[in-house]
Number of protein chains: 2
Amino acid sequence: MGTHHQGTEQEVRALDACIKLVRAAESVSSQIHHHLEAVNLTVSQFGVLEALWHLGTLSQSDLAHKLLRSGGNMTLVIDNLEKRQLVRRDRQSRDRRVVQVCLTDAGTQLIQEIFPRHVAAIVQTMNILTATEQEELGRLCRRLGRQE
Amino acid sequence: MGTHHQGTEQEVRALDACIKLVRAAESVSSQIHHHLEAVNLTVSQFGVLEALWHLGTLSQSDLAHKLLRSGGNMTLVIDNLEKRQLVRRDRQSRDRRVVQVCLTDAGTQLIQEIFPRHVAAIVQTMNILTATEQEELGRLCRRLGRQE
DNA sequence: CCATAATACTTTGATATTAAATAATTGGAT
DNA sequence: ATCCAATTATTTAATATCAAAGTATTATGG
């Protein structure tokens, strides 16, 4: 497996590592999110619920920044969560441009129910690697990830 | 950085590695595809052109399988490439269900023009890591990736 | 030969995603 | 006080993406 490119050693090595990185992330991502089907949540919706659960009420731009998505996207994802009454929008009076988003009781209950499944799925998927290998993977990936 | 989850060591380690893997892949992916803006191609469209260039004419289901996307998705992506006359559809007479997709001259010219930029971007991005580290990353990711 | 199953593609409906344009609000400078 | 720039959210248009339903074609079993 790997690249079909005929190039220098450096090129082949970089392309190969890159392809495997992207494939691994896609594969892991699809495995760990499989359980979301059962509760009819998309990955983005889950991301919002998780962020709100761990960080508390956030504005839409905070959420967009955290999840590395555009503001327009957040508007839609939160629309869909709001339709199911899993989150609530609140326009604050101190700055009326800002929309604060928080979990409803139903949203809190749902994320509390599914987060353990999420953790279990990640542990199971990542346990293909040993503890040392996971740490090594983390170190390498951190250097490639967005510098914040 | 990492997870906000309070759990066992095993859980924290797995979540941490998982988050960094997915973030790294997103970051790398966005960096290496940045040059596609200049030629107004999407990542999916580029994927199709690249596959056709390296592997020659393929059926839509071959493409869907290679690129790990649904058949319905391929229909749309190829529609959009066909509108720009970068690829051509051919219904074969031996099995009229199958649509073979091939590069047009314009498509070949375009992929030949941009593929070197693609390689250069990957080399530049991945060179954050040493050669040995890239190989190690490749080994770890291969084990996490889809088993084919 | 014919009914049925399997395959390949298309269509539809829903959600995601971005960039760009718009609207509302705020803060600062003159 | 008023104008201008920055910020925040929404809308729009285009593409992506999947699952599921639909259509056409081919293969198979009796």
Side-chain angles (χ1 to χ4, degrees), chain A residues 22 25-27 29-31 33-49 51 57-84 86-102, chain B residues 22 25-27 29-31 33-49 51 57-84 86-102:
Chain A
V22 172
E26 276 184 11
S27 171
S29 195
S30 109
Q31 285 178 251
H33 292 127
H34 186 253
H35 71 99
L36 294 178
E37 264 183 39
V39 289
N40 205 30
L41 278 182
T42 67
V43 175
S44 296
Q45 291 169 357
F46 174 75
V48 170
L49 295 185
T57 296
L58 294 171
S59 71
Q60 290 194 191
S61 56
D62 287 342
L63 278 167
H65 194 255
K66 276 282 164 209
L67 302 174
L68 305 172
R69 293 292 177 270
S70 69
N73 184 30
M74 271 308 107
T75 296
L76 180 73
V77 174
I78 291 166
D79 279 353
N80 288 326
L81 285 170
E82 210 178 24
K83 277 181 204 155
R84 286 179 60 184
L86 298 173
V87 303
R88 188 172 44 242
R89 279 184 165 101
D90 274 314
R91 206 129 213 161
Q92 292 303 93
S93 46
R94 61 168 172 275
D95 185 343
R96 297 195 38 72
R97 292 169 301 183
V98 178
V99 172
Q100 298 286 343
V101 184
C102 65
Chain B
V22 172
E26 274 183 13
S27 172
S29 196
S30 109
Q31 285 179 252
H33 291 127
H34 187 252
H35 71 99
L36 294 178
E37 263 182 39
V39 289
N40 205 31
L41 278 182
T42 67
V43 175
S44 295
Q45 290 169 357
F46 173 75
V48 169
L49 295 184
T57 296
L58 294 172
S59 70
Q60 290 193 192
S61 55
D62 287 343
L63 280 166
H65 194 255
K66 277 282 165 212
L67 304 173
L68 305 173
R69 292 292 177 271
S70 69
N73 184 32
M74 271 308 109
T75 295
L76 180 74
V77 174
I78 291 165
D79 279 353
N80 288 325
L81 285 169
E82 211 179 21
K83 277 180 205 155
R84 287 177 61 183
L86 297 174
V87 303
R88 187 172 45 241
R89 279 183 164 104
D90 275 312
R91 204 129 213 161
Q92 292 303 90
S93 46
R94 58 169 173 274
D95 184 345
R96 296 193 40 71
R97 291 169 303 182
V98 178
V99 172
Q100 297 286 343
V101 184
C102 65

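All values derive from a computational prediction rather than experimental measurement.
The two residues Gln45(B) and Asn40(B) make their nearest non-hydrogen contact at OE1-O, 4.1 Å. Among all heavy-atom pairs drawn from Ala25(A) and Ala25(B), the shortest one is CB-CB, 3.3 Å.
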Under 3.5 Å, which N/O atoms of the protein pair with N/O atoms of nucleotides 2-4 of chain C?
none

When you compare the protein's N or O atoms with those of nucleotides 19-23 of chain D, which come within less than 3.5 Å of each other, and at what distance?
none

Please list, pair by pair, any protein nitrogen or oxygen found under 3.5 Å from a nitrogen or oxygen in nucleotides 27-29 of chain C.
none

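For Arg84(B), no side-chain nitrogen or oxygen approaches OP1 or OP2 of dT15(D) to under 4.0 Å. The shortest distance between the side-chain N/O atoms of Asn80(A) and the OP1/OP2 oxygens of dA14(C) is not below 4.0 Å. A sub-4.0 Å separation between OP1 or OP2 of dT8(D) and a side-chain N or O of Ser59(A) is absent.
To the nearest 0.5 Å, atoms CG (Leu76(A)) and CG (Leu81(A)) are separated by 9.5 Å. Taken from NZ in Lys66(A) to CG in Leu63(A), the straight-line distance is 10.0 Å, to the nearest 0.5 Å. Note that CD1 of Ile78(A) is 12.0 Å distant from CG of Leu86(A), once rounded to the nearest 0.5 Å. Separating the CG atom in Asp62(A) from the CG atom in Leu67(A) is a distance of 10.5 Å, to the nearest 0.5 Å. Put simply, OG1 on Thr75(B) and CZ on Arg69(B) are 14.5 Å apart, with the number rounded to the nearest 0.5 Å. From Ser61(A), atom OG reaches atom CZ of Arg97(A) across 9.5 Å, with rounding to the nearest 0.5 Å.
Between Ser44(B) and Gln100(A), it is Gln100(A) whose nearest contact on DNA chain D lies nearer the 5' terminus. Where Gln92(A) and Gly71(A) meet DNA chain C, the nucleotide closest to each residue was compared, and Gly71(A) sits on the side nearer the 5' end.
Nearest nucleotide to the side chain of Leu76(A), out of dC9(C), dA9(D), dT17(C): dT17(C). Of the listed nucleotides (dT15(D), dA8(C), dT17(D)), dT15(D) has the atom at the smallest distance from the side chain of Thr42(B). Out of dA9(D), dT17(D), dT15(C), the shortest distance to the side chain of Gln45(A) is found at dT15(C). Distance from the side chain of Arg69(A) is smallest for dT18(C) among the nucleotides dT18(C), dC9(C), dT25(C).
In this entry the distance linking CZ of Arg96(A) with C1' of dA6(D) reads 19 Å, nearest Å. Rounded to a whole Å, the NE2 atom of His34(B) is 13 Å from the C1' atom of dT18(C). Here the C1' atom of nucleotide dT15(C) and the CG atom of Leu36(A) are 14 Å apart, to the nearest Å. Computed from coordinates, the Ile78(A) CD1 to dA16(C) P distance equals 11 Å when rounded to whole Å. Across the protein-nucleic acid pair, Leu63(B) atom CG and dT17(D) atom C1' stand 16 Å apart, rounded to whole Å. Going from atom CG of Asp90(B) over to atom C1' of dC9(C) covers 15 Å, rounded to whole Å. Here dT17(C) presents its C1' atom at 14 Å from CG of Asp79(A), a figure rounded to the nearest Å. Note: CD (Gln60(A)) to C1' (dT25(C)) measures 15 Å, nearest angstrom.
Dense packing is recorded around CZ of Arg89(B), with more than 12 heavy atoms of other residues, nucleotides or ligands lying under 6.0 Å away.
Across all strands shown, Thr75(B) has heavy atoms under 4.0 Å from base atoms, whether or not it also approaches the sugar-phosphate.
Side chain of Asp90(B) to backbone of Gln92(B): no donor-acceptor contact under 3.5 angstrom is found.
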Worked verdict on Val22(A) versus Glu26(A) for side chain to side chain contact (heavy atoms under 4.5 Å, CB included): CA-CA 6 Å; Val22(A) 172; Glu26(A) 276 184 11; 4.2 Å; yes
